[in-house]
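This report concerns only the one structure given below.
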Amino acid sequence: MSDAFHTPAAVDPRLLEVLVCPVTRGRLAYDRERQELVSKGAKLAYPIRNGVPIMLAEEARKLD
């Protein structure tokens, strides 16, 4: 099992390897400090709440 994202125990690293941005279908970067999955292409950061990624564009934080 890969731990390339240095994920907390509550987030399954295998899940993070298969998730894509629902807007761009592009790869996501894991921000451990903010507990977010970041889509550079869409300029959105999807929150992770209680170990569950919330992959809804309306729930995502817009990046500058």
Side-chain angles (χ1 to χ4, degrees):
M1 176 167 30
S2 170
D3 194 22
F5 296 102
H6 305 290
T7 58
V11 179
D12 186 342
R14 294 173 294 176
L15 177 64
L16 295 177
E17 289 175 2
V18 298
L19 286 176
V20 296
C21 173
V23 175
T24 65
R25 302 285 184 223
R27 295 191 66 170
L28 297 166
Y30 177 58
D31 184 336
R32 183 178 186 168
E33 185 176 309
R34 289 183 171 241
Q35 287 295 295
E36 296 176 326
L37 296 175
V38 177
S39 171
K40 292 180 182 179
K43 296 184 179 180
L44 294 172
Y46 299 94
I48 299 173
R49 297 184 188 131
N50 298 320
V52 178
I54 309 300
M55 303 303 296
L56 301 170
E58 55 270 10
E59 292 287 324
R61 179 175 64 85
K62 292 181 182 178
L63 301 175
D64 296 328

Near Glu58 CD, under 6.0 Å, is it more than 12 heavy atoms from other residues, nucleotides or ligands?
->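 Atom CD in Glu58 is packed in, count exceeds 12.
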Does Val20 have any side chain to side chain contact (heavy atoms under 4.5 Å, CB included) partners at least two apart in sequence or in another chain, and if so, which?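 Partners of Val20 by the side chain to side chain contact (heavy atoms under 4.5 Å, CB included) criterion, ordered by chain and then number, come out as Arg25.
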task: Please name all residues satisfying side chain to side chain contact (heavy atoms under 4.5 Å, CB included) with Ala60, sequence neighbours left out, ordered by chain then number.
output: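 Expected list: Leu44, Tyr46.
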query = Apart from Leu63 itself, which Ile, Leu, Val, Met, Phe, Trp or Tyr residues share its cluster (side-chain heavy atoms under 4.5 Å, direct or through members)?
reply =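 Leu63 clusters with Val38.
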Problem set entry | Straight-line distance of Gln35 CD to Asn50 CG, nearest 0.5 Å |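 Between Gln35 CD and Asn50 CG, I get 10.0 Å after rounding to 0.5 Å.
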Query raised in the report: How many angstroms lie between SG in Cys21 and CE in Met55, if you round to the nearest 0.5 Å?
Result: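 One finds 6.5 Å between SG of Cys21 and CE of Met55.
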Partners meeting salt bridge (Lys or Arg N to Asp or Glu O under 4.0 Å) with Arg61 (sequence neighbours left out) =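 Here the qualifying residues are Glu36.
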- Item | Minimal non-hydrogen separation, Leu19 against Pro53, with atom names |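 Result for this residue pair: CD1-CG, 3.7 Å.
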Practice problem: Could you name each residue pair satisfying salt bridge (charged side-chain N to carboxylate O under 4.0 Å, His left out) that touches residues 37-50, not counting sequence neighbours? | Solution: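 Applying salt bridge (charged side-chain N to carboxylate O under 4.0 Å, His left out) to every pair that reaches into residues 37-50, excluding sequence neighbours, yields Arg49-Glu59.
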Would you please test Thr24 and Ser39 for side-chain contact (heavy atoms from CB on, under 4.5 Å) and show each step? CA-CA 8 Å; Thr24 65; Ser39 171; 3.8 Å; yes
